[in-house]
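Only one structure is covered here, and it is reproduced in the block below.
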Amino acid sequence: MKITLSSLLAAFVFILAGCTSGSTVKIKDLRVEMKENPVGIGVSQPRFMWKISSGSPDLVQTSYQIQVADSPDKLKNGDDLLWDTGEIKSDASIQIPYEGSPLQSRKQYYWRVKSNTNQGTTNWSEVNTWSMALLNPSEWKATWIGENNLSNQGETYQGKSRLAARYLRKEFTADKPVQRAVLYISGLGSSESYINGKRVSEDIFAPGPSWYPNRVYYNVYDVTDLLSKDKNTIGIALGNGRYFGMRDMQKATLPSLLAQLEIEYTDGSQTTILSDTSWKVTSKGPIIANNEFDGEEYDARLELEGWNKNGFDDSKWLAADVMETPPGELTVQANPNLRIQEEIKPVNITERPDGKYIIDMGQNMVGWLAIDLKGKKDQPITMTFAEILKEDGSLYLDNLRTANVTDIYTPAKDGNFSWKPSFVYHGFRFVEISGLDYKPELAAFTGAVIYDEMKTTGKFETSNPLVNQIYKNAYWGIRGNYRGMPTDCPQRDERLGWLGDRVTGAYGEAFIFDNALLYNKWLQDIEDSQSPEGSISDVSPRYWTLYNDDVTWPAAYFYVANLLYRQFGDKSGIIRHYPSMKRWMEHMQQTAMKDYIIVKDTYGDWCMPPESQELIHSQDPARKTDGAILATTMYYSLLNMMSEFARLSGHENDIAAYQELAAKMKEAYNAKYFNPETAQYGNNTVTANMLSLRLGLVPNGYEEKVFTNIVKKTEVDFGGHVSTGVLGIQHLMRGLTEYGRVDMAWKIATNETYPSWGYMVKKGATTIWELWNGDTADPAMNSANHVMLLGDLIIWYYEDLAGIKCAQDAIAYKKLIMAPVFPEGLNSVSASYESVYGEIKSAWKKENGSFNWDITIPGNTSAIVRIPKEFGIKHANQPGVRKVSDTATYTEIEIGSGSYHF
Ligand code: BGC
């Protein structure tokens with residue numbers, strides 16, 4: 001072999017690169033309360049986390065040190081630290097609570113962290129920061145203001161509510177150089193805030209919806225950069241949101257503003273601008289109506305040019321009214337608001353015989369339509385939104401019930417204009433446009449995809465195009481159903497936080513989206529909506545109060561708290577809500593339990609495929625699962641969860657009672673509903689047998705027999721199709737797989753005939769339907785964008801097909817069990833999930849008789865990888881592999897962090 005200088009050099013560079021990357025341990029992605037450099041933290045012990053990485057495998061943290069100070073200089077010099085942990089011997093790198101000197105309202109803090117690992121010590125991290133909210137209600141000096149009148153024609157709060165937006169403004173002077181300015185604000189129901197004509201943030205519908213009688217959220221914004229020396233103007237537009245509700249209000253809770261702008265000057269002095277009666281208000285601006293169901297009406301002739309800037313003539317505006325203080329506790333909002341998360345362009349436009357146009361976004365989406373059109377003075381342009389077209393090509397609106405879903409823009413002059421609404425959103429694929437006298441270009445329209453600001457954390461792709469399309473439909477459905485709370489649907493006159501839809505779905509969603517803060521907030525909505533007797537409202541926040549005292553919907557409270565802990569390591573929900581959960585558990589025992597069976601149930605196995613394609617709900621007793629079976633099995637699972645919650649929240653004394661009751665229930669349940677001869681529960685539905693099996697009620701030794709009934713029922717009575725509604729589907733895919741029938745799970749996952757997710761796709765769905773028979777059923781309850789029928793499908797995609805699964809005895813993917821299943825016909829899966837420790841990747845492929853699998857797991861984690869023996873494992877001994885062992889069926893490889901190829 002000839003050695004050249006360049007090859008020598010290349011080898012040298014290679015070695016050098018290997019050395020540096022191999023020996024450098026990096027620390028990154030610092031988070032406080034799961035946010036990056038957050039503004040306005042409301043808890044006294046914020047929790048910290050970080051990620052570590054290196055170029056070498058098997059990186060483990062051995063100790064860490066955190067420092068906190070109230071200035072970056074103090075932090076760097078180590079002076080006056082508020083908290084210095086010193087070296088803490090621990091591998092913990094997530095959810096570590098602050099334990100330094102008490103933190104103060106408003107103040108800004110700086111922190112850094114250093115990690116020691118088995119591969120060396122990181123440098124100090126970059127300095128990160130956070131600031132505190134107003135921790136004490138008495139620190140609020142501002143007054144709730146607004147216009148306390150329905151002063152425009154046609155305005156009402158009864159029936160379909162109608163109200164114009166309010167515009168509020170105040171000019172003020174900042175006469176010295178500004179060090180820091182922070183705006184604390186609650187603009188109910190929805191607000192857009194400006195300083196000197198510039199948006200304070202891109203947030204939409206701020207603040208988040210809540211059960212206002214108990215809680216009102218406020219947001220905190222650092223607005224230092226928006227202030228000018230001398231004259232300034234703050235302007236807030238107020239829409240109705242969910243505060244001035246869309247339908248049938250008992251009482252007009254008119255939009256109201258609370259704003260406190262705190263300015264610190266560089267000389268240390270301070271001034272505060274408070275909302276009060278010195279502000280001016282008008283409701284005679286361009287947004288003449290806004291209602292989330294019915295749409296926004298914008299009259300450009302009423303535009304208030306420059307209203308949010310200095311020098312605007314507001315002499316015709318009114319002095320702001322003092323509004324009734326909303327009774328709810330003023331609370332800083334921890335979850336992000338909604339934002340535009342993506343913009344898409346329509347794919348098609350057609351002219352209708354009546355001269356209207358219909359544009360097709362190519363995707364059932366949620367958000368709004370921004371337009372750049374040419375109009376005629378006084379000639380309204382109307383946009384009506386729908387998910388589906390009728391056969392004749394016109395909009396299908398029947399499934400939207402009373403929602404008018406229409407935005408109207410009236411031009412002030414002839415010519416071009418651009419517009420988008422502010423306070424409404426729609427669930428739509430098609431938009432009918434009228435009032436134009438020319439055919440617009442596709443480029444004139446932009447679909448703004450709007451939902452809670454959060455990262456997409458998961459990717460999933462397989463060799464099967466249908467599965468990929470179903471995944472895509474799920475992705476669009478899930479993102480379309482976040483509106484500061486998880487909603488049932490985004491289009492008709494409902495859009496509510498229905499609990500039952502998310503019991504298990506929330507877990508699946510948590511693979512695709514970083515939704516931890518949203519779901520944590522929802523737990524609070526559920527608690528705020530609880531009755532004094534302990535009932536949980538099936539809809540929370542309880543814009544519809546439904547104290548049905550069933551188990552299957554309220555179970556979401558528990559399952560979601562559990563999910564947040566297991567997926568993100570966040571147990572704050574469990575700790576905070578334990579007392580309310582316990583209250584509900586007891587309430588149910590007292591009111592709904594008879595001889596250890598929970599007898600109450602409202603919805604049954606909601607939306608199971610009915611016997612006839614036109615029905616919404618099955619009438620066939622043989623298909624329906626006894627409500628007591630649903631309620632009792634679910635309640636039993638909650639007792640087990642509560643035992644764990646009690647341990648985690650320091651209520652160990654409660655555990656024995658939960659366990660005792662669970663044992664009694666199991667006994668009573670089996671005595672009443674289990675037939676040991678046939679191994680059937682109740683009338684032998686898949687749901688009855690599956691819930692009993694998966695939730696642990698089947699007597700020892702009968703599991704396989706019960707499972708055989710599930711298989712038979714599915715094969716014989718339903719031709720290998722799903723037969724469950726919202727309850728059974730939560731366990732179907734995992735249950736079939738766990739007991740050895742991944743082939744059946746795969747068939748159900750890839751069916752194209754009714755009922756199936758594939759059927760929806762074949763019928764043109766780009767989201768997931770509310771009903772298996774969404775193409776033929778009655779429109780009264782037939783949304784094309786519901787997520788509840790996903791059940792455990794997404795969990796199954798990630799955990800079972802991709803093999804990205806947290807070990808039972810670990811939290812938040814500190815340790816994984818990577819044991820994918822390989823259904824016949826599936827040749828490859830490529831998935832990733834950004835966990836709190838970092839990115840996990842799993843990509844396997846079967847090709848020409850060979851099997852290849854690439855895995856990456858993040859620093860400070862480990863995995864047990866299981867590969868069927870018949871695949872003939874290669875490379876089991878690469879660096880980072882800790883142990884290799886064999887069982888009868890698979891090779892088990894324990895790995896530390898890093899990337900591997902098998
Ligand atoms: C909602 C559902 C909900 C159900 C319960 C429906 O109208 O859209 O998603 O769970 O009612 O009754």
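Both ligands and their constituent atoms are indexed starting at 1 by order of listing.
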Where do R495 and T487 come nearest, in terms of heavy atoms and distance?
-> O-CG2, 3.7 Å
Out of W606, Y603, W772, which one pairs with H617 under the ring pair (Phe, Tyr, Trp, His ring centres under 6.0 Å) rule?
->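 Result for ring pair (Phe, Tyr, Trp, His ring centres under 6.0 Å) with H617: W606.
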With respect to Y754, which candidate in W769, F718, Y759 satisfies the ring pair (Phe, Tyr, Trp, His ring centres under 6.0 Å) definition?
->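 Result: among W769, F718, Y759, Y759 is the only option passing the ring pair (Phe, Tyr, Trp, His ring centres under 6.0 Å) with Y754.
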Take atom CZ of F293 as the centre, draw a 6.0 Å sphere, and report whether it contains more than 12 heavy atoms from other residues, nucleotides or ligands.
->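 Counting other residues, nucleotides and ligands, CZ of F293 exceeds 12 neighbours.
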Got a sec: does the NZ of K472 have more than 12 other heavy atoms crowding it under 6.0 Å?
-> no
Using a 3.5 Å cut-off on N/O to N/O, what pairs does ligand 1 make with the protein? A line per pair would be great.
{"from": "ligand 1", "atom 1": "7 (O)", "to": "R492", "atom 2": "NH2", "distance (Å)": "3.4"}
{"from": "ligand 1", "atom 1": "7 (O)", "to": "E494", "atom 2": "OE1", "distance (Å)": "3.2"}
{"from": "ligand 1", "atom 1": "7 (O)", "to": "E494", "atom 2": "OE2", "distance (Å)": "2.7"}
{"from": "ligand 1", "atom 1": "8 (O)", "to": "D488", "atom 2": "OD2", "distance (Å)": "2.7"}
{"from": "ligand 1", "atom 1": "8 (O)", "to": "R492", "atom 2": "NH2", "distance (Å)": "2.7"}
{"from": "ligand 1", "atom 1": "8 (O)", "to": "E770", "atom 2": "OE2", "distance (Å)": "3.4"}
{"from": "ligand 1", "atom 1": "8 (O)", "to": "H786", "atom 2": "NE2", "distance (Å)": "2.9"}
{"from": "ligand 1", "atom 1": "9 (O)", "to": "D501", "atom 2": "OD1", "distance (Å)": "3.2"}
{"from": "ligand 1", "atom 1": "9 (O)", "to": "D501", "atom 2": "OD2", "distance (Å)": "2.5"}
{"from": "ligand 1", "atom 1": "9 (O)", "to": "H786", "atom 2": "NE2", "distance (Å)": "3.0"}
{"from": "ligand 1", "atom 1": "10 (O)", "to": "D501", "atom 2": "OD1", "distance (Å)": "2.6"}
{"from": "ligand 1", "atom 1": "10 (O)", "to": "W553", "atom 2": "NE1", "distance (Å)": "3.1"}

For this output row, return yes or no: ring centroids of Y578 and F645 closer than 6.0 angstrom.
-> no
